[in-house]
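If you're wondering where the values come from, they're calculated on a predicted model, not measured in any experiment. Positions are given from 1 along the sequence.
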Amino acid sequence: MANGTPASTLQLIGAGCFGAILGWYLYFINRYRSGLVDFGDIVTILGAVGGAGVLALFPAGTDLFGAYGIGLAIGFFGYYLILNALVARSPNFDADFFLDGRRKRPAEPFYIPEEWRAAAGSGMDATFRAGGEVNPPAPGGPAGPGVPR
């Protein structure tokens, strides 16, 4: 550490886990953004990676800061890898999901309740609204209970 005392294994694991949580959250926030990318987003990422609070907890050039950086990378890229694995295994999604959120329409009797649809919106909804309905009714039948027409 800063005073020359080596960091304990527990401190290194804790710093790595803290970084992993922040990395996971950074990817989550960027994935579900509702607006355009702007300068504030860069400031947010820089604040998480090397902000004053982080540098106070894990001084630059120490093993703790290194463990934090490794954890940050694991969390950030781990989110993407887990999401990629889930999409690859799902019969409802393919690689187009990563482009614009495309997926297969749920088959009867499944539906997405309005309150969940609003909460799970990924920011791509505005893109779909520009060209039509986000979740238009399935042709030839009801979309399911609770789904308005």
Side-chain angles (χ1 to χ4, degrees), residues 1-107 110-136 143-148:
M1 294 188 33
N3 62 4
T5 308
S8 72
T9 303
L10 182 62
Q11 288 174 319
L12 293 172
I13 291 171
C17 290
F18 180 75
I21 290 169
L22 278 183
W24 185 277
Y25 191 64
L26 281 172
Y27 194 101
F28 176 83
I29 292 296
N30 283 319
R31 177 167 162 58
Y32 289 104
R33 83 175 41 262
S34 59
L36 299 173
V37 176
D38 62 5
F39 184 71
D41 299 322
I42 296 169
V43 171
T44 300
I45 290 172
L46 289 175
V49 172
V54 169
L55 289 173
L57 289 172
F58 315 123
T62 65
D63 289 346
L64 290 176
F65 188 77
Y68 165 72
I70 292 168
L72 193 66
I74 289 170
F76 187 86
F77 293 109
Y79 187 105
Y80 172 73
L81 293 173
I82 290 171
L83 179 64
N84 201 0
L86 292 172
V87 166
R89 291 176 169 253
S90 173
N92 298 321
F93 300 95
D94 60 17
D96 290 337
F97 172 76
F98 292 105
L99 297 174
D100 55 15
R102 276 181 262 180
R103 62 200 71 178
K104 292 181 183 175
R105 181 177 304 284
F110 298 103
Y111 71 100
I112 303 169
E114 283 301 319
E115 62 273 11
W116 283 96
R117 184 178 303 147
S122 68
M124 292 302 296
D125 295 345
T127 302
F128 287 110
R129 273 190 231 111
E133 286 185 73
V134 174
N135 194 12
V147 177

By side-chain contact (heavy atoms from CB on, under 4.5 Å) - contacts of [X] (at least two apart):
{"X": "Leu12", "answer": "Ala7, Asp63, Leu64, Ala67"}
{"X": "Phe98", "answer": "Tyr80, Leu83, Asn84, Val87"}
{"X": "Ile82", "answer": "Trp24, Leu86"}
{"X": "Ile21", "answer": "none"}

Practice prompt. Taking all heavy atoms of Thr62 and all of Pro59, pick out the closest pair and write down the distance.
Written response: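 Smallest interatomic distance, heavy atoms only, reads OG1-O, 2.6 Å.
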
Discussion item. The criterion is salt bridge (charged side-chain N to carboxylate O under 4.0 Å, His left out); which residues satisfy it with Asp96, sequence neighbours excluded?
Written reply: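 Partners of Asp96 by the salt bridge (charged side-chain N to carboxylate O under 4.0 Å, His left out) criterion, ordered by chain and then number, come out as Arg102.
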
Worksheet item: Who passes ring-ring contact (aromatic ring centres under 6.0 Å, His included) against Phe93, sequence neighbours left out?
Response: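 Counting only residues at least two positions away or on another chain, Phe93 forms a ring-ring contact (aromatic ring centres under 6.0 Å, His included) with Phe97.
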
